[in-house]
Amino acid sequence: MQAPQASHDQEQSAQDAAARSDMQGPIGVALSGGGFRAAAFHLGLLSYLNRVDLLKNVTILSTVSGGTFTGASYVQSLIERRPFSQFFRTFFHTLENTDLVKLALGKLAHRRERGEDRTRNLITAVADVYADTFFANHVTEKPYTFGDVIDADLPIRDIIFNTTEFRHGIAFRFQTSANPKARIGNRRIYVPVADARHARIADIAAASACFPGGFEPILFPDDFKWDNHVARDSINRHFATTGTPSIALMDGGIYDNQGIDSLLLADKRNGRSLQWLIISDVNHDGRSFYSIPAPPRRRRLTLGGIRRAGQLLFGACFLVLAAAATLLVWQACDSKPAVPEQIGFYTVTLVFAACTGMSLLWIHHFIRDRVLPAIPQAGRSAWDDVRHLTVDQVAGMVQVRMASLVSLTNNIFTKRIRSYGYRLIYSDVGYRGKRIVNLIYDLAPGHAFANLPGISKPSKAMLNIVRVASEMPTTLWFEPTRTYVLPALVACGQATTCYNLMRHIKRHFGPVPATYPDTISRLWALLEADWERMVYDPLCFVKEEAARVDLTTPPNNGAAEPCTNTITGIESAQV
């Protein structure tokens with residue numbers, strides 16, 4: 001009888017050989033969160049997969065937060081049967097010209113529509129902006145709904161838009177699949193397909209990208225905008241049986257910022273049919289999550305001094321109020337007719353003094369009744385101690401707490417969650433030979449560059465492009481004065497995808513291209529030629545796809561350095 005371990009090794013070897021021999025099999029793609037940085041980088045990934053004719057093999061798509069902008073927009077283009085080149089130009093233009101925050105604030109300023117009962121806040125305003133920009137159907141003039149995705153005949157078998165629900169603190173997935181076991185929601189809460197189909201893609205994208213600190217939670221279904229209120233009421237009744245009629249949704253990155261968990265679940269439902277799993281990840285490399293701020297300057301102005309100044313100002317307002325009122329009465333009693341200019345001056349002075357005094361009084365009561373009681377344990381009695389602190393000391397303490405909180409939620413927690421997701425895919429031997437992790441900083445200065453046969457190292461121009469892309473913060477806009485950032489991100493996605501495809505081929509087919517199978521040899525030749533073009537001009541394919549030659553090149557500030565042999569983080573796991 002054959003030993004169990006030997007049998008397992010033979011079975012695994014057979015799986016690896018199958019994975020290596022079929023580079024044209026089904027592909028699963030996960031697009032991570034990261035705001036517009038993620039959206040643009042993932043556009044580069046999709047465009048390069050399309051260039052080498054691999055995009056048509058994508059059968060599972062899992063998206064999170066900023067990745068949902070790109071993934072859902074691409075799915076929308078498939079529904080409309082648009083060529084990829086048209087999708088690229090439209091999405092590139094939308095990213096380039098959409099300042100979500102500015103547009104959302106404008107939406108907040110508008111009057112509420114008649115009959116609308118959604119919460120009036122920033123996240124619902126952003127959802128409306130999405131409906132007008134990324135997910136607008138310019139043919140029907142109606143926003144795309146999840147039903148449009150469900151009903152479409154698409155090459156992608158499983159489409160998963162990830163969010164996090166706050167009732168149980170787990171993932172909540174808006175997904176469509178040919179497999180009936182896939183449910184919309186999670187194992188504790190689910191939504192009937194007949195009802196979920198009426199949800200706007202814009203609202204789903206808003207929930208997927210609703211990152212903490214920037215937005216408040218979006219309530220599902222109450223904060224979604226429905227063309228069919230029967231569906232909303234049906235979901236409310238269904239949720240009411242589980243506790244409350246509505247659930248709070250937030251950024252899918254809170255639970256899994258790479259979308260790996262959903263990708264693996266979908267593949268396992270489908271009998272583990274994927275030949276490649278591509279994880280497109282724009283998380284920062286985390287060399288320094290927290291910068292220690294400089295000590296605050298000690299100025300003489302204290303909180304107690306501000307209070308005394310406020311008391312003096314309040315007294316001055318009272319005196320001015322009394323004087324202005326007295327002068328108005330005197331003018332009224334005087335036998336001479338009052339000059340209109342004098343009456344106007346006294347009236348304005350009276351109103352200004354009254355408003356200033358009332359404002360000071362309101363601030364005093366707010367601090368006394370709302371702020372001080374909220375201080376743990378000390379409460380109002382803390383004033384005798386804190387009044388000696390300077391304004392700079394208080395500002396410094398607030399700055400340190402906010403910076404540490406942002407670092408904790410946006411970096412340290414997400415790093416922990418990220419490592420869990422990667423452990424899932426790297427600990428499963430069934431995915432050996434199938435994993436391709438596409439990190440935004442793979443080609444960044446100071447990171448390892450693989451020894452690829454006959455392949456040039458990144459040029460200074462390419463290093464500069466990657467540096468700009470990998471250093472962009474997580475925002476929902478591009479600075480108008482930095483027009484080079486968007487093309488740099490897309491070009492970084494293209495170059496990094498090409499590079500990681502070559503690394504994957506070398507890792508599993510060896511260092512000698514002459515020995516590769518025919519399909520792999522042809523793919524390698526295309527990758528090699530494209531890489532050399534991008535080394536010479538990193539923006540070459542962005543210019544072609546965007547049909548523009550006026551794209552701005554990032555200024556070289558001298559930060560670009562040659563790649564080193566240092567291997568850290570995910571790179572070491574891949575090796």
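For the numbers below, each heavy atom of this structure counts, side chains included, while hydrogens, waters and symmetry mates do not.
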Asker: Grab the two heavy atoms, one from S246 and one from L219, that are nearest each other, plus how far apart they are.
Answerer: OG-CB, 3.6 Å
Asker: Counting N and O atoms only, with roles assigned by atom type, does the side chain of N464 sit under 3.5 Å from a partner on the main chain of P555, one being a donor and the other an acceptor?
Answerer: yes
Asker: Any salt bridge linking K434 with D428? Criterion: basic side-chain nitrogen under 4.0 Å from a carboxylate oxygen.
Answerer: no
Asker: Centre-to-centre under 6.0 Å for F69 and Y130, is that the case here?
Answerer: yes
Asker: Decide yes or no for L54 and N57: does some side-chain heavy atom of the first lie under 4.5 Å from some side-chain heavy atom of the second?
Answerer: yes
Asker: Could you check if a side-chain atom of V542 sits within less than 4.5 angstrom of a side-chain atom of F92, using non-hydrogen atoms only?
Answerer: yes
Asker: With no hydrogens and no angle check, is any side-chain donor or acceptor of R435 less than 3.5 Å from a backbone partner on I425?
Answerer: yes
Asker: Shortest non-hydrogen contact from H284 to Y441?
Answerer: C-CE2, 3.8 Å
Asker: Is the backbone of T124 close enough, under 3.5 Å, to the side chain of N121 for a donor and an acceptor to pair up by distance?
Answerer: yes
Asker: Taking the side chain as every heavy atom from C-beta outward, state whether V535 and I455 have any pair of such atoms under 4.5 Å apart.
Answerer: no
Asker: With a 4.5 Å limit on heavy-atom distance, are the side chains of V64 and D256 in contact?
Answerer: no
Asker: For Y431 and L424, run side-chain contact (heavy atoms from CB on, under 4.5 Å): C-alpha distance rounded to whole Å, both residues' side-chain angles, the deciding distance at 0.1 Å, then the answer.
Answerer: CA-CA 10 Å; Y431 290 117; L424 285 177; over 6 Å; no
Asker: Any donor and acceptor pair, going by atom type alone, linking the side chain of S73 with main-chain N or O of T70 inside 3.5 Å?
Answerer: no
Asker: Could you list the residues that satisfy side-chain contact (heavy atoms from CB on, under 4.5 Å) with V101, not counting sequence neighbours?
Answerer: D99, L105, W477
Asker: Only counting residues at least two apart or in another chain, list the ones meeting side-chain contact (heavy atoms from CB on, under 4.5 Å) with D158.
Answerer: I60, S177, A266, R269, N270
Asker: Does atom NE2 of H168 have more than 12 heavy-atom neighbours from other groups under 6.0 Å away?
Answerer: yes
Asker: Would you kindly say whether N162 and S62 are connected by a side-chain donor-acceptor distance under 3.5 Å?
Answerer: yes
Asker: Say whether Y484 and R482, considering side chains only, have a donor N or O and an acceptor N or O under 3.5 Å apart.
Answerer: yes
Asker: Would F134 and F91 count as a close aromatic pair, with their ring centres under 6.0 Å?
Answerer: yes
Asker: Without swapping roles, check the side chain of Q275 against the backbone of I27 for a donor-acceptor pair under 3.5 Å.
Answerer: no
Asker: Does Y499 use its side chain to pair, donor to acceptor, with the backbone of A450 at less than 3.5 Å?
Answerer: yes
Asker: Kindly give the heavy-atom pair with the smallest separation between F88 and A546, and that separation in Å.
Answerer: CE2-N, 3.6 Å
Asker: Nearest 0.5 angstrom please: R89 CZ to T94 OG1, how far?
Answerer: 13.0 Å
Asker: Check K142 with D227, please: is the shortest side-chain N to carboxylate O separation under 4.0 Å?
Answerer: no
Asker: Find out whether F135 and I204 are in side-chain contact, i.e. whether some heavy atom of one side chain is under 4.5 Å from a heavy atom of the other.
Answerer: no
Asker: Restricting to non-hydrogen atoms, name the atom on W226 and the atom on A199 that form the minimum distance, rounded to 0.1 Å.
Answerer: CZ3-N, 3.4 Å
Asker: Using residues 28-37 as the side-chain source, report each donor-acceptor pair under 3.5 Å to any protein atom, sequence neighbours left out, with the distance given to one decimal.
Answerer:
from, atom 1, to, atom 2, distance (Å)
S32, OG, S280, O, 3.3
S32, OG, V282, N, 3.1
R37, NE, V282, O, 3.1
R37, NH1, M472, O, 3.1
R37, NH1, P473, O, 3.3
R37, NH1, T474, OG1, 2.9
R37, NH2, V282, O, 3.2
R37, NH2, T474, OG1, 3.3

Asker: Once rounded to the nearest 0.5 Å, what's the spacing between atom CD1 of I189 and atom CZ of F172?
Answerer: 6.5 Å
Asker: Determine yes or no for a side-chain-to-main-chain donor-acceptor pair under 3.5 angstrom, with S208 supplying the side chain and A205 the backbone.
Answerer: no
Asker: With side-chain contact (heavy atoms from CB on, under 4.5 Å) as the criterion, how do W531 and L452 come out once you've worked through the C-alpha distance, each side chain's angles and the decisive distance to 0.1 Å?
Answerer: CA-CA 11 Å; W531 174 260; L452 299 171; over 6 Å; no
Asker: Looking at R157 and D267, does any basic side-chain N land under 4.0 Å from a carboxylate oxygen?
Answerer: no
Asker: Is the backbone of G252 close enough, under 3.5 Å, to the side chain of T163 for a donor and an acceptor to pair up by distance?
Answerer: no
Asker: Are the side chains of I505 and L527 in contact, using a 4.5 Å heavy-atom criterion?
Answerer: yes
Asker: Can you sort out the partners of Y144 under side chain to side chain donor-acceptor pair (under 3.5 Å), two or more places apart, ordered by chain and number?
Answerer: E80, N137
Asker: Closer than 3.5 angstrom, by distance alone: can the side chain of D223 be matched with the main-chain N or O of I218 as a donor-acceptor pair?
Answerer: no
Asker: Can you find a pair of side-chain heavy atoms, one from M534 and one from F541, that are under 4.5 Å apart?
Answerer: yes
Asker: Quick check for you: to the nearest 0.5 Å, what is the distance between L476 atom CG and L95 atom CG?
Answerer: 10.5 Å
Asker: Could you measure the distance from the OG1 atom of T133 to the CG atom of L100? Nearest 0.5 Å is fine.
Answerer: 6.0 Å
Asker: Looking only at heavy atoms, which two atoms of D281 and N283 are closest? And how far apart?
Answerer: OD1-N, 2.9 Å
Asker: Are there over 12 heavy-atom neighbours, none belonging to Y190, within less than 6.0 Å of that residue's OH?
Answerer: no
Asker: Would you give me the side-chain donor-acceptor pairs under 3.5 Å for residues 485-497, sequence neighbours excluded?
Answerer:
from, atom 1, to, atom 2, distance (Å)
Q494, NE2, S47, OG, 3.0
T496, OG1, C492, O, 2.6
T497, OG1, N438, ND2, 3.2
T497, OG1, G493, O, 2.6

Asker: Measuring only between side-chain heavy atoms, which start at C-beta, is N50 closer than 4.5 Å to F87?
Answerer: no
Asker: What's the separation between atom CD in E545 and atom CZ in F84, rounded to the nearest 0.5 Å?
Answerer: 6.0 Å
Asker: Test side-chain contact (heavy atoms from CB on, under 4.5 Å) on E216 and T119; report intermediate values, then the result.
Answerer: CA-CA 11 Å; E216 52 279 297; T119 306; over 6 Å; no
Asker: Please determine whether side-chain contact (heavy atoms from CB on, under 4.5 Å) holds for the pair Y74 and H42, giving the CA-CA distance in whole Å, both sets of side-chain angles, and the decisive distance to 0.1 Å.
Answerer: CA-CA 11 Å; Y74 172 61; H42 300 326; over 6 Å; no
Asker: Which atom names give the shortest non-hydrogen contact between A207 and F224, and what distance separates them?
Answerer: CB-CZ, 4.4 Å
Asker: Determine yes or no for a side-chain-to-main-chain donor-acceptor pair under 3.5 angstrom, with E165 supplying the side chain and R167 the backbone.
Answerer: yes
Asker: Check side-chain contact (heavy atoms from CB on, under 4.5 Å) between A104 and all other residues, then give those that pass, not counting sequence neighbours.
Answerer: L122, A125, V126, V129
Asker: May I ask you to check whether F220 and F174 place their ring centers less than 6.0 Å from one another?
Answerer: yes
Asker: Find the distance between CG (L277) and CG (L263) and round it off to the nearest 0.5 Å.
Answerer: 5.0 Å
Asker: Less than 3.5 Å apart, any donor N or O on the side chain of T483 or T552 sitting next to an acceptor on the other?
Answerer: yes
